[in-house]
Amino acid sequence: MKFTWGRIPLYVIATILFGLKTYIVYRFMFSIELENVMQEFILLINPFVSAFLIFAISVWFKKQSRQMKFIRYTALIGTIIVFANLVFYRSYTDFITLPQLFQGSNAADLSTSVLTLIKPYDILWFIDVVFIWYLSRKKQDTFETRYSRKGKIFALAMSFVLLAGNFFLAELERPQLFSRAFDREYLVKNIGLFNYHIYDLVLHSKVKSQRVFADGNEIPVIRNYIDENIRSDEKSELFGVAEGKNVIFISAESIQSFVINNEVNGQEITPFLNSLMDDEDTYYFENFYHQTEQGKTSDSEFLVENSLYPLSRGAVFFTHGQNEYNATPEILHEHDYFSAVFHANNKSFWNRDQMYENINYDYFYDIESYEVTDENSVGWGLKDKEYFEQSIKYLQSIEQPFYTKFITLTNHFPFELDEEDKTIEPYDSNSNTLNNFFPTVRYTDEAIEQFFNQLKDAGLYEDSIIIIMGDHYGISANHNKAMSQYLDKDEITPYDHVQLQRVPFYIHIPGHGKGEVKSEIAGQIDVKPTLLHMLGIETDNDIYFGNDLFHDDRKGFVALRNGDFISDDYIYTSDICYDRQSGEPLEADESGLDNESATNACHPTMEKVEKELSLSDNIVYGDLFRFIDFDEK
Ligand code: GP9
Ligand code: MN
């Protein structure tokens with residue numbers, strides 16, 4: 001029997017050809033990391049799903065010529081989009097985002113180099129377009145183009161089924177993929193380039209519209225709130241203590257305070273961090289809380305650099321990475337500091353590349369700056385010890401004074417570690433996550449100790465201050481049972497859960513001699529004013545929601561991003577007001593406290609917390625800092 005094209009609708013042929021081509025680009029042209037068979041599978045299906053979705057629209061056109069036209073132009077435009085991303089990728093190892101496309105400097109960079117980025121074989125990407133073009137013009141009569149109602153409904157239903165299937169697998173593979181918005185590579189890998197562009201467009205328009213309706217009117221209200229509730233007129237006792245010194249900030253992945261000065265199987269978990277607590281040059285804050293949400297590490301960075309709150313949903317680094325800020329690197333730039341971040345991960349993770357550039361980091365040593373091999377990496381990538389080791393040469397080469405941030409990686413869920421790096425045994429409980437947490441924490445502790453020694457050897461130690469902070473929790477509430485076993489408690493109450501959100505915070509000032517353990521409540525929101533004041537920088541004109549931790553005159557509460565809080569006297573969570581010291585809920589009981597006074601106790605702070613979070617959100621959503629000139633005195 002003679003083969004006739006007419007048996008297969010043109011939109012199906014176009015789907016197969018275009019899907020195949022897109023797959024080849026994904027798989028062989030982009031360096032997308034695939035960790036398991038499921039990821040391979042999702043990557044394989046999503047180009048076909050996206051192609052089907054769009055080509056199948058053609059069945060709704062009545063006229064044959066319209067159908068053909070739709071298919072050929074779709075193939076052409078789709079190819080141009082893939083090709084543009086490919087060229088962009090060759091230069092940036094990243095996918096196009098709308099803001100980036102319209103950002104003058106990037107586009108200019110690209111246009112000069114675009115010709116050098118195009119390869120002769122790129123012509124091959126257009127072969128299927130030519131073929132479809134030929135079929136749709138010269139052979140159009142051989143294709144079925146009159147679709148029955150059933151055929152149309154089938155095409156539509158199929159589109160949805162395929163899309164839903166793809167999204168389902170993606171969600172399974174990467175929970176909260178959409179709401180957390182953490183990495184373009186993950187998005188493209190899981191939902192494909194086209195759906196990613198649509199997602200980017202929706203996100204972008206949402207952000208833009210909120211921004212459009214904002215004006216500067218709210219700024220006086222915000223300043224007022226800050227003057228009345230946050231800012232202190234006194235200079236803290238440590239103002240200027242580190243003037244002109246280098247700053248080395250270590251963001252310690254997933255380290256929580258409960259491991260500090262604690263043991264597992266009779267062994268110390270963090271000998272180095274424990275020894276720092278007693279060190280005369282170190283301040284340790286034992287009641288310091290992380291305040292992050294879905295943006296995890298990036299949220300902690302946002303808090304630290306801006307003293308603004310991250311968002312309750314999504315990662316602010318992603319959703320508002322283009323806003324105007326008055327972040328620490330920007331301020332320090334004015335004081336002749338060179339700033340750099342060291343992190344051995346993909347630069348677009350958490351949209352760091354864009355955010356760092358926006359807040360004026362001078363340089364980002366990302367994964368490209370490190371030699372990463374199978375031997376020297378585990379879990380999420382380069383092992384912490386290797387990472388510090390390889391970073392030192394860069395640190396020695398940059399201008400002083402510098403402001404630098406080091407982000408460790410080994411102690412990341414699921415806490416994998418090679419046998420040879422395990423110096424303590426895992427815990428024994430029903431949670432492997434908690435069990436394995438201890439040896440990786442110890443590994444990071446050793447890595448930080450080694451880094452201190454390397455800094456000394458490199459002659460960088462004396463002129464620097466070193467800050468170490470846990471970025472967020474490592475052990476989630478899913479492991480409460482194992483956690484209660486470890487902490488020797490009957491259960492983890494909501495109060496305990498809040499207390500587990502404490503992360504270590506150290507300020508180490510070589511030669512200072514007055515270090516101590518501080519018990520006052522504190523949080524990541526406080527880092528920026530504390531640090532700037534230590535460097536002798538006034539913050540009178542700045543807008544921030546934290547306090548200098550060396551002030552006594554402080555606002556008296558730490559707001560968690562979900563509205564829970566810790567105040568000097570209470571901890572409020574799950575609608576319960578707890579006494580902070582005893583951990584007992586304030587409720588009507590035999591001792592005569594009535595219900596009303598129990599809830600009333602937390603009420604005034606609850607209102608302040610709500611107010612403060614919403615003012616901070618207004619700044620971010622409205623991009624309000626674009627209306628302020630922070631340099632003006
Ligand atoms: C990734 C690292 C870990 O670059 O910061 O991210 P997390 O999952 O902790 O936010
Ligand atoms: Mn982290």
Side-chain angles (χ1 to χ4, degrees), residues 33 35 93-94 173-187 189-190 249-257 259 288-305 310-311 313-319 321 340-356 361 364-370 372 377-384 386-388 391 404-417 433 436-437 440-441 443-445 447-448 468-476 478 500-505 524 527 561:
E33 229 176 274
E35 286 141 23
T93 345
D94 200 351
E173 172 58 29
R174 201 74 204 181
Q176 298 183 320
L177 180 71
F178 299 105
S179 59
R180 288 186 60 198
F182 39 85
D183 188 1
R184 283 181 281 282
E185 187 178 307
Y186 278 107
L187 283 165
K189 174 156 82 177
N190 284 293
F249 184 96
I250 304 173
S251 170
E253 179 57 48
S254 298
I255 299 195
Q256 289 171 249
S257 302
V259 296
F288 182 95
Y289 294 80
H290 85 81
Q291 294 161 292
T292 66
E293 259 303 327
Q294 294 181 320
K296 306 294 290 292
T297 313
S298 69
D299 276 359
S300 80
E301 294 181 63
F302 186 78
L303 277 148
V304 166
E305 308 284 18
L311 301 179
R313 192 168 174 281
V316 58
F317 258 44
F318 234 103
T319 56
V341 182
F342 299 76
H343 183 46
N345 195 6
N346 184 350
K347 66 181 177 177
S348 73
F349 200 92
W350 289 130
N351 196 30
R352 283 188 172 107
D353 49 350
Q354 287 190 13
M355 188 61 162
Y356 289 166
Y361 264 110
F364 178 14
Y365 293 91
D366 66 6
I367 193 159
E368 305 286 329
S369 302
Y370 294 89
V372 185
S377 42
V378 68
W380 274 53
L382 190 62
K383 296 180 186 178
D384 290 346
E386 275 286 334
Y387 153 72
F388 282 125
S391 300
T404 52
K405 171 158 67 179
F406 290 81
I407 306 172
T408 70
L409 203 52
T410 307
N411 187 47
H412 194 287
F413 175 83
F415 311 113
E416 283 171 37
L417 199 63
T433 301
N436 295 331
F437 181 64
T440 52
V441 169
Y443 176 83
T444 298
D445 179 77
I448 295 175
I468 307 169
M469 183 191 84
D471 59 351
H472 49 75
Y473 67 79
I475 305 298
S476 73
N478 293 339
L500 282 168
Q501 305 316 306
R502 282 177 292 188
V503 291
F505 185 62
Q524 291 170 330
V527 175
R561 184 56 252 204

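What's counted below: heavy atoms across the whole structure, side chains too, no hydrogens, waters or symmetry copies. Both ligands and their constituent atoms are indexed starting at 1 by order of listing. Numbers here simply count residues along the sequence, with the first being 1.
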Name the orientation class of the two ring planes belonging to Y370 and Y387 (parallel below 30°, tilted from 30 to 60°, perpendicular beyond 60°). tilted

Does the T292 side chain pair with the main chain of S300, one donor and one acceptor, at a distance under 3.5 Å? no

How about F317 and F349: do any of their side-chain heavy atoms sit closer than 4.5 Å? no

Would the distance check show the side chain of K189 and the main-chain N or O of E33 forming a donor-acceptor pair, the cut-off being under 3.5 Å? yes

N or O contact, K296 vs ligand 1, cut-off under 3.5 Å: no

Could you tell me whether the side chain of Q524 and the main chain of D471 form a donor-acceptor pair under 3.5 Å? yes

Within the structure provided, determine whether V259 and F437 are in side-chain contact (heavy-atom separation under 4.5 Å). yes

For L409, which part has a heavy atom under 4.0 Å from ligand 1: side chain, backbone, both, or neither? side chain

Measure the shortest side-chain to side-chain distance between I475 and Q256 over non-hydrogen atoms and say whether it is less than 4.5 angstrom. yes

I'd like to check which ligand 1 atoms, numbered from 1 as shown, lie under 4.0 Å from a non-hydrogen atom of E253. 3 (C), 9 (O)

Going by distance only, is there an N or O of S298 that falls short of 3.5 Å from an N or O of ligand 1? no

If you compare all heavy atoms of K347 against all heavy atoms of D366, which two are closest, and at what distance to 0.1 Å? CB-OD2, 3.0 Å

Short of 2.8 Å from the Mn ion (ligand 2), name each protein N/O/S atom, waters not counted. E253 OE1, E253 OE2, T297 OG1, D471 OD2, H472 NE2

May I ask you to list the atoms of ligand 1 that are less than 4.0 angstrom from any heavy atom of W350? 6 (O), 7 (P), 10 (O)

Based purely on interatomic distance, does H343 place a nitrogen or oxygen under 3.5 Å from a nitrogen or oxygen of ligand 1? yes

Check for a donor-acceptor pair, side chain of E185 on one end and backbone N or O of S348 on the other, with a separation under 3.5 Å. no

For E305, which residues count as a side-chain hydrogen bond (donor to acceptor under 3.5 Å, both in side chains) partner, sequence neighbours excluded? Y361, Y403, K405

At under 4.0 Å between heavy atoms, what of F413 touches ligand 1? The answer is neither

Which is it for T297 and ligand 1 at heavy atoms under 4.0 Å: side chain, backbone, both or neither? both

State the atoms of ligand 1, each with its element, that fall below the 4.0 Å cut-off from a heavy-atom position in F349. 1 (C), 4 (O)

NZ of K383 to CG of L417, rounded to nearest 0.5 Å, is 7.0 Å

Counting from 1, what ligand 1 atoms have a heavy atom of H472 closer than 4.0 Å? 9 (O)

If you count the atoms of ligand 1 from 1 in the order shown, which ones are under 4.0 Å from a heavy atom of N345? 1 (C), 4 (O)

